[in-house]
There are 2 protein chains.
Amino acid sequence: MVGQIDLDKMTDTPAKMTRNQKQKRQMILDAALDVFSLDGFRGTSLDQIALKAGISKPNLLYYFSGKEEIHTALLEGLLDAWLAPLRAMDAQGDPLTEVLKYLDAKMNMAMSYPLESRLFANEILRGAPHLENYLKGSLKSLVEEKSILLQKWMDLGQLRQVNPKHLFFSIWAMTQHYADFDVQVSAILGEDRESNFAQARAFQATMISQLLAP
Amino acid sequence: MVGQIDLDKMTDTPAKMTRNQKQKRQMILDAALDVFSLDGFRGTSLDQIALKAGISKPNLLYYFSGKEEIHTALLEGLLDAWLAPLRAMDAQGDPLTEVLKYLDAKMNMAMSYPLESRLFANEILRGAPHLENYLKGSLKSLVEEKSILLQKWMDLGQLRQVNPKHLFFSIWAMTQHYADFDVQVSAILGEDRESNFAQARAFQATMISQLLAP
DNA sequence: GTTAAAACTGACCAATTGGTAAAATTGCGG
DNA sequence: CCGCAATTTTACCAATTGGTCAGTTTTAAC
């Protein structure tokens with residue numbers, strides 16, 4: 001996964017973690033992602049995670065202090081990756097192209113990291129207690145920064161005037177829908193995921209282009 | 001709530017339910033909605049629901065046979081309402097107007113029924129075991145029917161050619177985002193929900209109009 | 001007023017849950 | 001090989017969970 005968890009940052013002890021510890025922790029996190037992305041924080045038990053990871057529950061608790069730490073480790077491991085595509089939006093680039101590149105990057109993520117997307121969605125649905133700082137901190141300030149950029153482009157007549165923040169919400173909503181609501185999309189379109197994503201990309205690119213071309 | 005649960009359909013006994021029973025069941029369902037919409041099926045306990053409803057757990061179980069019945073009753077109570085706006089799309093109407101009316105109706109629902117939207121989202125995230133028939137049944141066939149209608153309008157040159165199903169997904173995604181991800185939207189825009197929705201409506205109407213006007 | 005039905009409750013049950021502690025096992029360095 | 005550290009496991013704990021049951025209270029019907 002992009003934004004592979006930097007495990008060094010997550011240990012409380014001054015000791016450096018061994019390679020085995022890193023691997024074991026990652027293995028636990030992978031198992032945890034499977035479960036948290038389905039049933040959310042409260043609906044996930046440590047036994048479920050341990051079973052999926054193929055280790056005992058106390059063994060799992062040897063590497064993580066508890067359920068909270070596992071969950072927040074997962075979330076923290078993805079936040080930078082989530083913000084990276086928006087950060088990459090380049091003030092020197094062609095405006096429409098930059099927005100379409102962002103859209104494309106978000107679709108790449110939805111396609112490649114559906115579980116992470118659902119983990120995030122589950123956390124938002126429960127009111128985001130573990131994401132409070134992120135939402136009001138780095139996400140908010142980055143959205144503000146890029147909204148100003150978009151507004152500048154619009155003021156220069158390089159993009160049609162729209163509300164930049166709502167543009168971002170619509171991009172997030174549309175792209176993550178294919179990850180989060182995959183069972184709905186598949187039920188309606190069938191299970192050829194590649195084809196579904198390809199169609200979605202084409203549709204969305206048209207939509208954004210029609211909206212923003214001046 | 002639109003689509004107020006028809007309680008008569010949900011009793012196993014041949015006996016007609018009294019007015020008090022109807023009220024009590026509704027009260028339980030209201031409490032349950034609060035909890036299920038936050039923590040999903042597995043993350044919700046009967047004790048939580050009972051506490052919120054202000055009754056004992058066995059009393060709650062006097063009216064419903066168990067957790068499953070409460071959850072499915074809630075979901076079933078909203079499915080018709082969820083489909084109604086799409087059903088209302090009128091083949092005799094002006095195409096763009098009909099699509100915009102649908103968009104408007106979906107935003108009305110997102111604004112008025114955020115908990116129901118989150119209940120639905122939670123169920124989808126866990127793979128929708130309680131929505132399987134709905135997704136592959138009435139939803140799928142209605143989407144098929146209305147996609148054919150949209151395609152006909154497009155073939156007549158009354159709307160721009162786009163993929164109708166992906167248009168529906170984008171409308172669902174964008175509108176429900178304001179309900180499902182409300183904590184994110186509020187963190188970024190502030191907590192004036194009416195204003196946020198008003199801006200969103202304007203933005204989306206522009207987006208859909210730009211996309212579909214031939 | 002009496003009786004039966006409906007509604008409600010406290011106590012209880014087996015299983016599950018997040019976790020702890022001690023014992024056992026494995027790995028590593030000298 | 002030995003001693004110690006790291007890792008894993010078994011056993012256990014108090015609390016929670018979805019539910020059951022019997023007793024009590026309230027309501028409805030006559």
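All values below come from the heavy atoms of this structure, side chains included, with hydrogens, waters and symmetry mates left out. A note on names: the letters A, B, ... follow the listed sequences, proteins ahead of strands, and every chain is numbered from 1.
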Once you round it to whole Å, what is the distance between [atom2] of [N] and [atom1] of [X]?
| X | N | atom1 | atom2 | value |
| --- | --- | --- | --- | --- |
| Gln23(B) | dA6(C) | CD | P | 18 Å |
| Met27(A) | dT7(D) | CE | C1' | 12 Å |
| His71(B) | dG18(D) | NE2 | C1' | 15 Å |
| Leu60(B) | dT20(D) | CG | C1' | 14 Å |

**Request:** Assert yes or no for the condition that the ring centre distance of His166(A) to Phe197(B) is strictly below 6.0 Å.
**Result:**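 No, the ring centres sit 6.0 Å or more apart.
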
Using OP1 and OP2 only, check whether a side-chain N or O of [X] sits under 4.0 Å from [N].
| X | N | result |
| --- | --- | --- |
| Gln21(B) | dA7(C) | yes |
| Asn59(A) | dT7(D) | no |
| Tyr62(B) | dC8(C) | no |
| Tyr63(A) | dA6(D) | no |

**Request:** Classify every nucleotide of nucleotides 11-30 of chain C by which part a protein heavy atom approaches to under 4.0 Å, writing B for the base, S for the sugar-phosphate alone and - for neither, in 5'-to-3' order.
**Result:** B-----SBBBB---------

**Asked** When you measure from the centre of the six-membered ring of Phe41(B), is the NZ or CZ of Lys67(B) under 6.0 Å away and within 45° of the axis?
**Response**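 Yes, Lys67(B) lies over the aromatic ring of Phe41(B).
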
**Closest heavy-atom pair and its distance - Asp180(B), Arg118(B)** = OD1-N, 3.5 Å

**Message:** With a sphere of 6.0 Å drawn around CG of Asp90(A), does it hold more than 12 non-hydrogen atoms of other residues, nucleotides or ligands?
**Reply:**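 Yes - once you tally the heavy atoms of other residues, nucleotides and ligands closer than 6.0 Å, there are more than 12.
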
**Request:** For the residue pair Gln151(B) and Asn163(B), establish whether any side-chain heavy-atom pair is separated by less than 4.5 Å.
**Result:**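 With C-beta onward as the side chain, the pair stays apart.
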
**Item:** Out of dT7(D), dA7(C), dT8(D), whichever nucleotide has its closest atom nearest the side chain of Lys24(A)
**Value:**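 Selected nucleotide (nearest to the side chain): dT8(D).
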
**Request:** Begin from the C-alpha positions of Val183(A) and Leu131(B) and carry the test side-chain contact (heavy atoms from CB on, under 4.5 Å) through to its verdict.
**Result:** CA-CA 10 Å; Val183(A) 64; Leu131(B) 288 174; over 6 Å; no

